[in-house]
Undergrad: 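Below are the structure tokens for one structure; questions will follow.
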2 protein chains.
Amino acid sequence: MIACSKCGKVETIVKSGFVRGKQRLYCKDCELYFSVTPPNVNSSKKHHQTTIVDIAKTLGISPSTVSRALNNSLEINENTRNEVIRVANELDYRPNLLAQSLHRGETHTIGVVIPDIQRPFFAGVVAGIQKVASEAGYRVMICQSNESHNTETLNVQALMASRVDGLLISHTKETNSFEHIKLQLRKGIPIVHFDRVCDELQTAKVILEDFEGSFALVEHLIKQGCRRIAACAGPEDLLISHKRLNGYKAALQKYGLPIEADIIFHSSFKQEDSINALNNWLDLSKRPDGIFTVHYANAIEMIMSLKQKGIKIPDEIALAAFGDDLVASMIEPSLTVYNQFPFTVGQEAAAILIDNIINKETFMPFTKVIKGELIVRQSSKKNLIN
Amino acid sequence: MIACSKCGKVETIVKSGFVRGKQRLYCKDCELYFSVTPPNVNSSKKHHQTTIVDIAKTLGISPSTVSRALNNSLEINENTRNEVIRVANELDYRPNLLAQSLHRGETHTIGVVIPDIQRPFFAGVVAGIQKVASEAGYRVMICQSNESHNTETLNVQALMASRVDGLLISHTKETNSFEHIKLQLRKGIPIVHFDRVCDELQTAKVILEDFEGSFALVEHLIKQGCRRIAACAGPEDLLISHKRLNGYKAALQKYGLPIEADIIFHSSFKQEDSINALNNWLDLSKRPDGIFTVHYANAIEMIMSLKQKGIKIPDEIALAAFGDDLVASMIEPSLTVYNQFPFTVGQEAAAILIDNIINKETFMPFTKVIKGELIVRQSSKKNLIN
DNA sequence: TACGTTTTCGGAAACGTTTGCGATAGTCAA
DNA sequence: TTGACTATCGCAAACGTTTCCGAAAACGTA
């Protein structure tokens, strides 16, 4: 990738003979002749990190001896070892993990791909991952897909280029093709899915009780007296959206309530979305008396909107949602939620991945379900008997 | 690091002769003789990632030619280049960044050390960092110090061992010695501080308007009629705690109000802390009529507690805090805050660091101040004229 | 035809580490 | 005293890539 020294373009460069052993070049745009000068001519190699060779030189021994001294090898004299360690400390030697990893063929690093670190659920997952990983001596490299399938693919490629030992991934809302994952699986690198998993892939998975959680939330609403419960579901492409919607439907069916298409809405996690859906529902001749949302943020927005309109919660409309957060307990009325324990999800996923990495040949994929917890708050507590 | 094959201990191993060219060992604990077997005997080298050598072999050319073909070198025949690219795609070749980095002496990776990814401020900063970094072709490696100085030191060492090109750091609340940073600076690696910076180090910094923000918040409280404003300051060791406290004091002085030690409290970001402080203040004969906190979470906790006690906000006590979050606008009464724009902080810090990395010799450290924004909400709005 | 110039490629070194193997000198017992 | 064994270390290869240097072939011109 040689660029013109004047205009910086690459595509206009042609070769034009040799001069003093160096390639002579010509930029068609600038009509300029120039030759490439090695850019590292100035690098006086002043302040590099100290290496094993530096230690070897100051002690007049060979690098292999230094390596053995630092790696608790038995084939080394105790005096030599102590000398090496002394000098290593003096020079603040830190082994170059790049070189170590290149040699070993493993990086002791795991890659994480999440849609958005700013969402408390994923931040919690990441924290859990990092705890388990660092305790096991693994580093963590985090990428955000920003809910874009293309970015997710690039993330996966970047992490693989960095030769991570394994991958932890939760897909974007628009991901419906999994070739980028299959490609890596074929190469044999361990992958563990969490939350937004993919059933067609033979990977270990850490999932939430999507069906059961939705069922519990909706059943709770029904027991509080709701008879017409609207659903703000997730993006259509997401597997967990369907699981959660199925939990909603199953609860309705159990209590003999009809499933009505006009009060089921697929949100794409945008704020306008949920407010629009809410307004549509309120305009119906038969308003819903309960709302179930798969993402707590949607419910928060709806509560704010309902309060503005002067609609009583939970008396006129009760709400319950997936996912807990500080704001869910602070808002008035506080929001009934199904807590997902994101930190635990992260811990489990990391532990399984590391197990998969270490026991690569014998590891059998399985699915771990993290149980959630129904937290009943004011947004759904109609003061009925029971 | 050779461990007993039975008990797994390392310190009990002694050498005991040779057998078939292999070191024979003896575990003093287990009274067991054994010899080391090279563990990589099984590695059948089945499914490695495809390398430049693989491409070279399938085409019957040399690795250097392949490298030239893939790097847009001019010293290559177009036909050869196309063939190489074709095979590279077929084999899904991805350059090994470890090898590239080892050769180039740079990793195109920046390290980030933050206290806690689960705090919205830092999550926002990280998102901003990742945006700028990825646009500039840099990867990001994130470590959490969990507010522990020791962990922070280990984080820095780990990132340096990974040979990151630069460091972005916000110190823990207990960090008051900076040797671990100075050590790296002496080696010449670029470091940029943000938010929780350190004035004694010659690094570029991205800071908030700590003084001005506090001043604005407290001045606002005074203008709303508060005459006795308590302060929930940050940990004593933190520079920004003092800056923010100074802003508080300056505002009081400007309006001729006394600075009273019994209503200034240094929190350590723990929940019990702020509640205890609040209770102490409420027990005073002269209760404060306003509260200023350097962290919005403390204010949220206090609002909850005040509501439980039936104390009217803002009429009896008004509140204003540093840092915005969804919960600050959702709680009732909503919380007056000074928003810090964490995403912008991350973007700026990353941009400055990358500039520092690229122009290492000419870069001059400077301090960038990210302007904040006073958001007045119900917690401070006494219905006065003006 | 002959020689200089270009084009294109391969060999080898280098980045920093680990490790198998061989070499040397020391130890010990017969 | 001698031979077998052991303790300790250096050499060199390897990990995957880039790049300098040199070589062979192709090309052009006198």
Undergrad: Taking only heavy atoms on the protein side, list every residue of residues 86-96 of chain A lying under 4.0 Å from any atom of DNA chain C, sorted numerically.
TA: A:Y93, A:P95, A:N96

Undergrad: Run the side-chain hydrogen bond (donor to acceptor under 3.5 Å, both in side chains) test against A:E83 and tell me which residues pass, sequence neighbours left out.
TA: A:R86

Undergrad: Without swapping roles, check the side chain of A:Q184 against the backbone of A:I189 for a donor-acceptor pair under 3.5 Å.
TA: no

Undergrad: Calculate the interatomic distance between A:L98 atom CG and C:dT18 atom C1'; express it in whole Å.
TA: 15 Å

Undergrad: Restricting to ring pair (Phe, Tyr, Trp, His ring centres under 6.0 Å), what partner residues turn up for B:F178, sequence neighbours left out?
TA: B:H171

Undergrad: Does the side chain of A:L97 reach to within under 4.5 Å of the side chain of B:R163, using non-hydrogen atoms?
TA: no

Undergrad: Below 4.5 Å, heavy atoms only, C-beta onward: do B:V84 and B:I61 meet side chain to side chain?
TA: yes

Undergrad: According to salt bridge (Lys or Arg N to Asp or Glu O under 4.0 Å), who are the partners of A:R94, at least two apart in sequence or on a separate chain?
TA: A:D92

Undergrad: Taking the axis from the first five pairs and the axis from the last five, what angle separates them in the helix from C:dT1-D:dA30 to C:dA30-D:dT1, rounded to 10 degrees?
TA: 60°

Undergrad: When the distance from CD of B:E78 to C1' of D:dA26 is rounded to whole Å, what number comes out?
TA: 18 Å

Undergrad: Output yes when a side-chain donor or acceptor of A:S170 lies under 3.5 Å from a complementary backbone atom of A:F194, and no otherwise.
TA: yes

Undergrad: Let's see if you get this right: which residues in residues 100-108 of chain B place a heavy atom under 4.0 Å from DNA chain C?
TA: B:L102, B:H103

Undergrad: Using whole Å, what does the distance between atom P of nucleotide C:dT7 and atom CG of B:N79 come to?
TA: 15 Å

Undergrad: Say whether, by atom type as modelled, one donor and one acceptor occur between the side chain of B:E152 and the main chain of B:I169 under 3.5 angstrom.
TA: no

Undergrad: Whole Å only: how far is the CZ atom of A:R81 from the P atom of D:dT8?
TA: 10 Å

Undergrad: Could you check how far CD of A:E83 sits from C1' of D:dC9, rounded to whole Å?
TA: 16 Å

Undergrad: For C:dT18, does either OP1 or OP2 sit under 4.0 Å from a side-chain N or O belonging to A:N71?
TA: yes

Undergrad: Identify, with sequence neighbours excluded, every residue that meets side-chain hydrogen bond (donor to acceptor under 3.5 Å, both in side chains) alongside A:D355.
TA: A:N359

Undergrad: Specify the separation, in whole Å, of atom CG of B:L74 and atom P of C:dT6.
TA: 15 Å

Undergrad: For DNA chain D, what residues of residues 50-70 of chain B have any heavy atom nearer than 4.0 Å?
TA: B:T51, B:I52, B:S64, B:S67, B:R68

Undergrad: Partners of A:K57 by salt bridge (Lys or Arg N to Asp or Glu O under 4.0 Å), sequence neighbours excluded?
TA: none

Undergrad: List the residues meeting salt bridge (Lys or Arg N to Asp or Glu O under 4.0 Å) with A:E78, not counting sequence neighbours, and say none if there are none.
TA: A:R81

Undergrad: Treating B:N77 as the side-chain partner and B:N79 as the backbone partner, does any N or O pair qualify as donor plus acceptor under 3.5 Å?
TA: yes

Undergrad: Please state how far atom CG in B:N77 lies from atom C1' in D:dA25, giving the value in whole angstrom units.
TA: 12 Å

Undergrad: Calculate the interatomic distance between B:M160 atom CE and C:dG16 atom C1'; express it in whole Å.
TA: 15 Å

Undergrad: Could you pull out all residues at least two apart from B:T80 that satisfy side-chain hydrogen bond (donor to acceptor under 3.5 Å, both in side chains)?
TA: none

Undergrad: Run the side-chain hydrogen bond (donor to acceptor under 3.5 Å, both in side chains) test against A:D165 and tell me which residues pass, sequence neighbours left out.
TA: A:T107

